[in-house]
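For ligands, and for the atoms within them, numbers begin at 1 and follow the listed sequence.
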Amino acid sequence: MRILVINGPNLNMLGIREPEVYGKSTFQDLLSLLDRVAAEEDIEIEQYQSNHEGCLVDKIQEAYGKFDGIVINPAAYTHTSVAILDALKAVDLPAVEVHISDVDSREPFRQISYAGLACKKTIKGLGFEGYRQAILFLKNALQ
Ligand code: DQA
């Protein structure tokens, strides 16, 4: 089973960026954690991060025929990107949307998710644990 984990803009700044919202753990901590989860669960994962909308669209398109599912935190593009929504719909792979923070309790503009419309599940406000739960959800759904 192959799962693609995609992180959008500014998530590479975890640990530095707004620690009161996103915590003090770094992006490298997240990558290492998910590599460990994949090894424990006997799943192959690839992790990808970009600050550019088109690169995220390209990566989702490339997943077609190569991956069985997608975990995606589109970050700020969650709330703006019809292109990412359309890419997820185009490849039609089971996808789970993750947000580190509880977007529902933040600014009103964060409560709109385009990408979420193409996802089987959204996990928010659980920190890095949300990614682990997303991987486990896909593993269970794909078995
Ligand atoms: C985020 C929430 C988004 O609103 C924000 O733009 C991010 C991170 C989260 O993981 O909580 O960059 O997706």
Side-chain angles (χ1 to χ4, degrees), residues 1-41 43-64 66-142:
M1 183 181 309
R2 299 203 72 210
I3 293 175
L4 175 62
V5 180
I6 299 180
N7 278 297
N10 301 307
L11 291 169
N12 55 315
M13 297 289 283
L14 288 171
I16 299 164
R17 149 185 213 207
E18 299 177 87
E20 67 288 359
V21 177
Y22 299 109
K24 287 188 182 149
S25 299
T26 66
F27 185 58
Q28 188 53 54
D29 293 336
L30 176 62
L31 297 177
S32 307
L33 170 72
L34 298 188
D35 282 341
R36 278 201 304 277
V37 169
E40 279 163 21
E41 298 295 330
I43 297 170
E44 261 184 75
I45 66 164
E46 180 179 321
Q47 303 199 57
Y48 177 78
Q49 189 276 332
S50 177
N51 294 323
H52 305 281
E53 185 176 16
C55 295
L56 296 166
V57 169
D58 286 345
K59 195 68 189 176
I60 293 166
Q61 289 185 6
E62 284 165 20
Y64 182 75
K66 284 197 206 151
F67 289 92
D68 303 303
I70 296 176
V71 171
I72 184 164
N73 182 348
Y77 290 134
T78 306
H79 318 299
T80 61
S81 180
V82 177
I84 290 175
L85 166 64
D86 285 349
L88 289 168
K89 284 171 122 175
V91 298
D92 199 25
L93 290 166
V96 179
E97 175 189 21
V98 176
H99 297 288
I100 295 167
S101 66
D102 179 13
V103 279
D104 288 342
S105 62
R106 298 181 64 192
E107 302 94 323
F109 66 83
R110 292 188 205 274
Q111 287 160 39
I112 294 159
S113 171
Y114 290 97
L117 297 172
C119 293
K120 290 198 170 300
K121 188 178 169 77
T122 296
I123 301 171
K124 34 194 160 185
L126 299 184
F128 290 1
E129 167 64 16
Y131 292 85
R132 198 180 68 85
Q133 290 196 7
I135 290 171
L136 294 180
F137 175 87
L138 282 178
K139 182 183 178 187
N140 200 38
L142 288 163

Nearest-neighbour protein heavy atom for [atom], which is reported as residue plus atom name and distance:
atom	answer
atom 5 (C) of ligand 1	Arg110 NH1, 3.3 Å
atom 8 (C) of ligand 1	Tyr22 OH, 3.5 Å
atom 11 (O) of ligand 1	Ser101 OG, 2.6 Å
atom 12 (O) of ligand 1	Arg17 NH2, 2.9 Å

For this session: Classify the contact between Val21 and ligand 1 as side chain, backbone, both or neither, using a heavy-atom distance cut-off of under 4.0 Å.
Result: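 Within the 4.0 Å criterion, Val21 makes no contact with ligand 1.
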For this session: For ligand 1, indicate whether the residue Glu107 contacts it via side chain, backbone, both or neither (heavy-atom separation under 4.0 Å).
Result: neither
Exercise. Taking the inter-plane angle between the rings of His79 and His99 on a 0 to 90° scale, is it parallel (under 30°), tilted (30 to 60°) or perpendicular (over 60°)?
Worked result: parallel
Problem set entry | Check: Thr78 N/O within less than 3.5 Å of ligand 1 N/O |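 N/O-N/O distance below 3.5 Å does not exist for this pair.
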For this session: Using distance alone, decide if ligand 1 has a nitrogen or oxygen within less than 3.5 Å of any nitrogen or oxygen in Ile100.
Result: yes
Exercise. Any ion pair linking Glu46 and Lys59 (charged N to carboxylate O, less than 4.0 Å)?
Worked result: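 So Lys59 pairs with Glu46 through a salt bridge.
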Exercise. Is there a heavy atom of Met13 sitting under 4.0 angstrom from any atom of ligand 1?
Worked result: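 Outside the 4.0 Å threshold, so no.
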For this session: Check if Val103 has a non-hydrogen atom at a distance under 4.0 Å from any atom of ligand 1.
Result: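 It does, in that a heavy atom of Val103 comes within the 4.0 Å cut-off of ligand 1.
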Tell me whether [X] contacts the main-chain N or O of [Y] through its side chain, where contact means a donor paired with an acceptor under 3.5 Å.
X	Y	answer
Tyr77	Asn51	yes
Ser81	Thr78	no
Asp29	Thr26	yes

For this session: Give the single entry among His79, His99, Lys124 that approaches atom 4 (O) of ligand 1 most closely by any heavy atom.
Result: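 Comparing heavy atoms across His79, His99, Lys124, the nearest one to atom 4 (O) of ligand 1 lies in His79.
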For this session: Could you tell me the separation between the CG atom of Leu142 and the CZ atom of Phe67, rounded to the nearest 0.5 Å?
Result: 13.0 Å
Exercise. Can a donor-acceptor pair be found between the side chains of Asn10 and Tyr22 at a distance below 3.5 Å?
Worked result: no
For this session: State whether a side-chain donor-acceptor pair under 3.5 Å links Glu97 with Ser113.
Result: yes
